[in-house]
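Okay, so here's the structure we're looking at.
Numbers restart at 1 for each chain; the letters A, B, ... are given by sequence-line order, proteins then strands.
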There are 2 protein chains.
Amino acid sequence: MSDKAPTLVEVAAHAGVSLATASRVLNGSERRVKPDLQERVLASARSLGYSANVQAQAVARGTSNVVALVVGDIADPYFSSIASGVMHVADERGLIVTITATGPYAGAESVAREEAALAALRGQRPRAVVLAGSRVVGVEAAGGSAAGAFSASSERVAAIGSGAPGLRSIAVDNAGGAAALARELRGLGYADFSVLAGPPELVTVRERVDGFRSVVLGADVRHAEFSREGGHRAMAELLASGARPDCVFAVTDVMAVGAMTAVREAGLTPGADIALAGFDDIPLAADLAPALTSVSLPLAEIGARALELALADTPAADAPAITAEVRLRASTPGH
Amino acid sequence: MSDKAPTLVEVAAHAGVSLATASRVLNGSERRVKPDLQERVLASARSLGYSANVQAQAVARGTSNVVALVVGDIADPYFSSIASGVMHVADERGLIVTITATGPYAGAESVAREEAALAALRGQRPRAVVLAGSRVVGVEAAGGSAAGAFSASSERVAAIGSGAPGLRSIAVDNAGGAAALARELRGLGYADFSVLAGPPELVTVRERVDGFRSVVLGADVRHAEFSREGGHRAMAELLASGARPDCVFAVTDVMAVGAMTAVREAGLTPGADIALAGFDDIPLAADLAPALTSVSLPLAEIGARALELALADTPAADAPAITAEVRLRASTPGH
DNA sequence: AATCTACGACCTATAGCGCCT
DNA sequence: GAGGCGCTATAGGTCGTAGAT
């Protein structure tokens with residue numbers, strides 16, 4: 001009934017070898033020890049239930065096997081899909097993933113929270129960090145102080161989307177995807193568009209809105225929280241104002257979901273009375289009724305590539321931007 | 001352009017004080033030092049960009065501030081909602097959370113993976129661990145070897161749902177919720193039921209199926225993977241077999257979503273031709289069309305309580321089981 | 001034929017690592 | 001200022017074999 005985990009010295013003593021030898025057979029890779037001793041050490045370790053203390057290893061080695069992931073909200077399908085990809089490659093490489101959520105976006109306070117999170121992360125001395133939630137426009141906020149401190153201290157950071165200068169980043173063609181969507185929708189016969197956007201400070205939001213409006217110049221834009229509720233409220237207000245666009249583009253599928261419900265609550269039929277399109281192509285998008293037209297992003301792959309990029313020794317030649325693919329579905333029927 | 005993080009000794013030297021003093025003002029809680037020294041140390045720390053190495057602190061203190069969360073699949077709304085709750089309380093208490101995914105359930109292999117994950121977790125010396133994905137029936141698997149090693153080594157573990165004996169656990173009234181749902185559905189006039197279940201080895205599945213069938217005795221049961229695809233396939237097969245139950249209960253909302261699409265693909269209208277109900281009440285359940293009838297579980301709260309339970313010094317008097325609430329919606333209209 | 005030095009193979013002893021008490 | 005946390009890394013020791021003298 002040992003109530004404390006056995007240490008290496010105990011294992012070494014039990015096996016009758018030196019600490020160094022025990023360390024080598026249990027962890028060290030290079031030097032090898034004679035088979036019989038090796039066997040004895042392993043046997044002792046097993047019988048004592050030894051498990052190396054990774055914290056101590058990290059201190060001794062001067063490098064941890066922890067990677068940190070920063071997201072906005074893990075319950076959001078966008079982030080959880082990315083997290084899934086990150087965790088997959090971490091698992092392959094025997095790395096431990098720690099996750100931090102910066103919470104819903106709420107102006108300056110969020111920037112502060114984000115920086116606090118990054119500062120706290122530094123304490124972990126992670127081998128790499130993936131910023132999936134660093135969403136604030138501007139070098140100062142996203143890539144300046146906090147994130148800057150990372151690169152300066154030689155820690156490897158990769159941002160998803162709009163990379164702050166000087167930071168590795170996985171480029172996502174938000175603007176191009178949104179523009180392509182706009183073109184398709186116009187080709188379908190829609191003419192009167194309205195855009196449901198998140199906070200304008202978020203780069204991702206700006207890119208998607210700008211991309212969409214580069215094709216559909218006159219589209220009216222409405223900002224709201226970056227969530228299902230935000231989409232719901234924005235759409236409800238839009239309808240309450242008497243507007244009846246024939247197609248609404250929500251910059252996020254999650255917002256589109258809320259918008260769709262709002263349309264329904266107003267006694268209208270999504271798809272038929274008002275077409276609806278989103279962005280991200282989250283897992284459930286195609287299962288909605290009507291199935292939601294969206295711009296597909298390989299979220300898990302993005303997460304995986306982000307971690308690989310962050311882990312790389314050399315900043316790596318800039319990979320091509322992740323391309324977004326338009327998926328037309330029943331929520332935007334052809335006229 | 002320092003490429004290495006400054007250490008405490010550097011800060012101490014810079015401030016002209018002893019290591020111990022610096023340690024006290026920057027981390028130690030008890031003893032306090034004179035204001036002027038304190039200020040000097042803080043100034044040095046700031047100017048050097050010092051950030052305590054938590055790994056080293058953990059080794060020195062003999063206790064880490066890491067809590068581990070084990071889930072099946074972080075991209076599944078059920079798990080990500082729970083994770084959200086866990087992360088929230090961890091954040092409040094200044095703890096770091098690491099997440100491990102055991103992957104989709106796949107028989108014995110999954111049990112092995114789960115144990116491997118737990119073994120790896122031991123190396124982290126977490127202050128507490130929350131098992132949200134430990135889903136296998138039987139003491140041996142879920143609470144036996146691996147998990148047992150934790151409690152034996154005095155680490156604090158809490159399981160969500162069916163607790164293995166000897167493990168702290170958050171009880172969830174799966175059976176009661178499913179039974180209540182069955183009663184409500186029968187009250188609505190449904191008589192011919194079919195159940196879409198996940199792998200029978202999972203306790204959660206068993207409890208929900210058994211609870212439902214304790215009310216609706218004759219219900220036919222069909223097992224499939226514990227996912228959207230599983231629900232889709234099972235429903236497609238059910239329909240292909242020529243069966244036309246008037247109400248189908250999927251043990252999980254995620255499965256219900258797949259089932260709903262399968263119903264539609266068969267040219268039938270969910271709700272009208274075949275009623276559909278799920279379990280969990282994931283965020284998007286009410287936004288589906290028809291809105292999905294489900295049994296609501298406070299997932300984030302469950303996660304939060306699980307971590308609190310795991311963290312508690314004393315095993316805590318057994319709290320009441322989490323009660324599940326039936327939410328009747330449009331997918332199961334009254335006759 | 002016996003001794004010496006060389007040398008690889010292997011292990012032990014012992015400094016650290018960054019921090020706490 | 002000293003000692004310790006659990007572990008890594010490396011200098012330095014021991015031993016056995018082998019070619020040189």
Side-chain angles (χ1 to χ4, degrees), chain A residues 2-42 44-45 48-66 94 96 120 122-127 153-155, chain B residues 2-33 37 41 44-45 48-66 96 120 122-127 153-155:
Chain A
S2 63
D3 64 327
K4 210 145 178 30
T7 73
L8 232 205
V9 295
E10 307 187 67
V11 174
H14 184 282
V17 302
S18 80
L19 212 200
T21 300
S23 171
R24 273 200 276 275
V25 5
L26 292 176
N27 313 301
S29 35
E30 295 309 300
R31 315 273 260 272
R32 60 186 174 179
V33 319
K34 286 214 291 199
D36 57 328
L37 278 192
Q38 173 145 347
E39 194 41 57
R40 244 172 45 211
V41 173
L42 288 175
S44 298
L48 293 179
Y50 174 75
S51 164
N53 181 329
V54 299
Q55 319 243 34
Q57 287 184 311
V59 175
R61 289 205 247 254
T63 162
S64 77
N65 63 343
V66 170
I96 293 167
R122 290 197 59 206
Q124 299 184 236
R125 301 288 188 276
R127 183 177 301 184
S153 61
S154 88
E155 272 152 321
Chain B
S2 63
D3 66 327
K4 207 133 181 35
T7 72
L8 231 204
V9 296
E10 308 187 64
V11 175
H14 185 281
V17 302
S18 81
L19 212 197
T21 301
S23 171
R24 274 199 272 277
V25 5
L26 292 176
N27 313 301
S29 36
E30 295 309 299
R31 315 270 262 275
R32 59 186 174 184
V33 318
L37 279 193
V41 173
S44 298
L48 293 179
Y50 174 76
S51 165
N53 181 328
V54 298
Q55 319 242 38
Q57 287 184 311
V59 175
R61 289 204 246 253
T63 162
S64 77
N65 62 343
V66 169
I96 292 167
R122 290 197 60 207
Q124 299 184 239
R125 302 286 188 277
R127 184 176 300 184
S153 60
S154 89
E155 271 152 321

Inset, instruction - Under 4.0 Å from any atom of DNA chain C, heavy atoms only: list the residues of residues 58-66 of chain B that qualify, in numerical order. - result: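 Nucleic-acid contacts, sorted: B:Ala60, B:Arg61.
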Could you tell me the separation between the [atom1] atom of [X] and the [atom2] atom of [N], rounded to a whole number of Å?
X       : N      : atom1 : atom2 : value
A:Asp36 : C:dA9  : CG    : P     : 17 Å
A:Arg24 : D:dG6  : CZ    : P     : 21 Å
B:Lys4  : C:dC17 : NZ    : C1'   : 9 Å
B:Leu19 : D:dG1  : CG    : P     : 10 Å
A:Gln55 : D:dG4  : CD    : P     : 22 Å

I'd like to check the side-chain hydrogen bond (donor to acceptor under 3.5 Å, both in side chains) partners of [X]; sequence neighbours left out, ordered by chain and number.
X       : value
A:Thr21 : A:Ser18
B:Thr63 : none
A:Ser51 : none

Inset, instruction - Go through C:dT21, D:dG6, D:dT10 for me and flag the one nearest to the A:Ala20 side chain. - result: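 Of C:dT21, D:dG6, D:dT10, D:dT10 is nearest to the side chain of A:Ala20.
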Legend entry - Relative orientation of the end axes in the helix from C:dA2-D:dT21 to C:dT21-D:dA2, expressed as an angle to the nearest 10° (five pairs per end):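 Taking the rotation axis at each end, their angle is 60°.
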Inset, instruction - Using a 4.5 Å cut-off on heavy atoms from C-beta on, say whether the side chain of A:Gln55 contacts that of B:Ser64. - result: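 Yes - at least one pair of side-chain heavy atoms lies under 4.5 Å apart.
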Legend entry - B:Arg127 vs B:Val66 side-chain heavy atoms within contact, under 4.5 Å: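 With C-beta onward as the side chain, the pair stays apart.
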Closer than 4.0 Å, any side-chain N/O of [X] to the OP1 or OP2 of [N]?
X       : N      : answer
A:Ser18 : C:dT12 : yes
B:Gln57 : C:dC20 : yes
B:Asn53 : C:dC17 : no
B:Tyr50 : C:dC19 : yes
A:Asn27 : D:dT8  : yes

Please output the side-chain donor-acceptor pairs of residues 6-14 of chain B that fall under 3.5 Å, not counting sequence neighbours, one pair per line with the distance.
from    : atom 1 : to      : atom 2 : distance (Å)
B:Thr7  : OG1    : B:Val9  : N      : 3.4
B:Glu10 : OE2    : B:Thr7  : N      : 3.0
B:His14 : ND1    : B:Ser44 : OG     : 2.8

Which is true for [X] with a 4.0 Å heavy-atom rule: it touches a base, it touches only sugar-phosphate, or it touches nothing?
X       : value
A:Leu37 : sugar-phosphate
A:Thr7  : sugar-phosphate
A:Thr21 : base

Which atom of [X] lies closest to which atom of [Y], heavy atoms considered:
X        : Y       : answer
A:Gln124 : B:Val54 : CA-CG2, 3.6 Å
A:Arg122 : B:Ala5  : NH2-CB, 4.3 Å
A:Gln38  : A:Val25 : O-CG2, 4.1 Å

